[in-house]
Amino acid sequence: MFLLGEEQLSSRVLVSLAQQSIPAVKPSEKCLIRAGEYRAVVDSAVKSGKTHYGINTGFGFLSKVKIDQDKLKKLQENYIRSHSSGVGEPVSPEVARAVMILRAHTFLI
């Protein structure tokens with residue numbers, strides 16, 4: 001079992017995991033606790049009512065535009081969607097798994 005966010009993720013390990021139809025990966029308990037702590041910081045920032053770039057504002061040239069509390073969930077969903085689209089032929093399942101493993105690992109470091 002590869003512990004996301006904790007173990008060294010070499011290209012060799014990544015390729016090996018991505019070739020498995022159900023990769024043997026999971027986040028370590030330590031990383032889940034740390035992610036929860038980061039989430040608490042973001043939740044506190046939102047509750048404070050203060051402006052925090054990308055949390056309750058637009059992005060780029062809209063960074064000075066504060067987003068209403070009731071629209072924050074939609075803002076974050078749209079942000080993810082805007083970065084998850086592409087062009088061309090779909091990638092193979094192995095490439096998709098490799099990207100997902102790499103992103104999850106990176107978020108948990």
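Formation of a donor-acceptor pair under 3.5 Å by the R97 side chain with backbone atoms of L17 is not found in this model. The backbone N or O of G54 lies less than 3.5 Å from a partner atom in the side chain of Q76, making a donor-acceptor pair. For the pair R34 (side chain) and L108 (backbone), a donor-acceptor distance under 3.5 Å is present. For K66 (side chain) and G49 (main-chain N/O), a donor-acceptor pair under 3.5 Å exists by modelled atom type. Remark: side-chain polar atoms of T106 are paired, donor with acceptor, to backbone N or O of L102 under 3.5 angstrom.
Between L4 and the choices L9, I109, V25, the side-chain contact (heavy atoms from CB on, under 4.5 Å) rule is met once, by V25.
Listed by chain and residue number, E6 satisfy the side-chain hydrogen bond (donor to acceptor under 3.5 Å, both in side chains) test with S28 (two or more places apart in sequence, or in another chain). Residues passing the salt bridge (charged side-chain N to carboxylate O under 4.0 Å, His left out) test with E7: none are found, sequence neighbours excluded.
If you take CD on E29 and CG on L3, they are separated by 10.5 Å, rounding to the nearest 0.5 Å. The structure places NZ of K26 at 9.5 Å from CG of L32, a figure rounded to the nearest 0.5 Å. Taken from OG in S48 to CD1 in I55, the straight-line distance is 9.0 Å, to the nearest 0.5 Å. Distance check, rounded to the nearest 0.5 Å: CD of Q19 to CG of L14 gives 9.5 Å. Rounding to the nearest 0.5 angstrom, the gap separating the OG atom in S44 from the NE2 atom in H52 is 7.5 Å. Rounding to the nearest 0.5 angstrom, the gap separating the CG atom in L72 from the CD atom in E77 is 11.0 Å.
Grouping the Ile, Leu, Val, Met, Phe, Trp and Tyr side chains by contacts below 4.5 angstrom, directly or via other members, places V42 with Y79. Cluster membership for Y53 and L75, using ILVMFWY side-chain heavy atoms within less than 4.5 angstrom, is shared. Using a 4.5 Å cut-off between side-chain heavy atoms of Ile, Leu, Val, Met, Phe, Trp and Tyr, with links allowed through other members, L62 and F59 fall into the same hydrophobic cluster.
The shortest side-chain heavy-atom distance between S16 and V13 does not fall under the 4.5 Å cut-off.
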Side chain to side chain contact (heavy atoms under 4.5 Å, CB included) between V46 and Q69: does it pass, once the steps are laid out?
CA-CA 8 Å; V46 169; Q69 181 84 18; 3.4 Å; yes
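Salt bridge R39/D43: present, at least one basic N to carboxylate O contact under 4.0 Å.
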